[in-house]
Q: 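Quick one: structure below, then a few questions.
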Amino acid sequence: DAGITQSPRHKVTETGTPVTLRCHQTENHRYMYWYRQDPGHGLRLIHYSYGVKDTDKGEVSDGYSVSRSKTEDFLLTLESATSSQTSVYFCATRPSGTYEQYFGPGTRLTVT
Amino acid sequence: GQQLNQSPQSMFIQEGEDVSMNCTSSSIFNTWLWYKQDPGEGPVLLIALYKAGELTSNGRLTAQFGITRKDSFLNISASIPSDVGIYFCAGIPQGGSEKLVFGKGTKLTVNP
């Protein structure tokens, strides 16, 4: 398994506050992804990265931004959290040459 | 966009029984992946399939890449209580981007 950690694992925040979630990998995988998982919707892609400083939007990117300054770290920022962003967030990584993605343990975010 | 239909949505079985679940699409897929997710954790990759007709096993789990390339199947033999969880299929559609499309999962309950 890829060494993927996410921090924090749980967070409660208030509407309107900025929030940053961190994904850290030790596998030197080129690609990294942020998903959210909600009942009835399954896993939906927020943003992804195909290299340092190279990122692109997924299907549900509104209200989120990302940054990747190092291979091992991929940050997801909610500029101004809303209740609709209450969800479980998963990071995933993928090495070059395969489509296999490996997931982190998730961050449960509650926006009150 | 492409969608993956997983069935059944949930299954309740007795320990020792065999399990079958499938994933279908109206579009052709080039890659199929099967994941398992335990409560409170991230999805774990079980099996990856890359060629039509391919049959791959991982212990008591066997997955197949359908000949039409529009479906995939996962079988679990002699189920045990730790097989409980949600099983997701995911795939890479032909001619699309390299982003995974996910099914919504099959929830498996095993009664001892």
Q: Decide if atom CD of Q14(B) counts as having more than 12 heavy atoms of other residues, nucleotides or ligands within a radius under 6.0 Å.
A: yes
Q: Please state whether the side chain, the backbone, both or neither of Q37(A) comes within less than 4.5 Å of a heavy atom of chain B.
A: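 Answer is side chain: those atoms of Q37(A) sit under 4.5 Å from chain B.
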Q: Is L43(A) close to chain B through its backbone or its side chain, or both, or neither, when contacts mean heavy atoms under 4.5 Å?
A: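 Both parts, backbone and side chain.
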Q: Are side-chain N/O atoms of T110(A) and T86(A) paired as donor and acceptor at under 3.5 Å?
A: no
Q: Are F29(B) and F65(B) close enough that their ring centers fall under 6.0 Å?
A: no
Q: Heavy-atom cut-off 4.5 Å, strictly under: side chain, backbone, both or neither for R108(A) against chain B?
A: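 Neither part, no heavy atoms under 4.5 Å.
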Q: In terms of heavy-atom proximity below 4.5 Å to chain B, should R44(A) be classed as side chain, backbone, both, or neither?
A: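 Nothing of R44(A), per the 4.5 Å heavy-atom cut-off to chain B.
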Q: Pick one of side chain, backbone, both or neither for F90(A), based on which atoms fall under 4.5 Å of a heavy atom in chain B.
A: side chain
Q: Would you name the heavy atoms of K36(B) and D83(B) that are closest together and state the gap between them?
A: CE-O, 3.6 Å
Q: Please classify the contact of Y48(A) with chain B as side chain, backbone, both or neither, using a heavy-atom distance under 4.5 Å.
A: side chain
Q: Does the pair D73(A) and R68(A) meet the rule for a salt bridge (charged side-chain N to carboxylate O under 4.0 Å, His left out), with working shown?
A: CA-CA 6 Å; D73(A) 290 324; R68(A) 190 168 179 203; over 6 Å; no
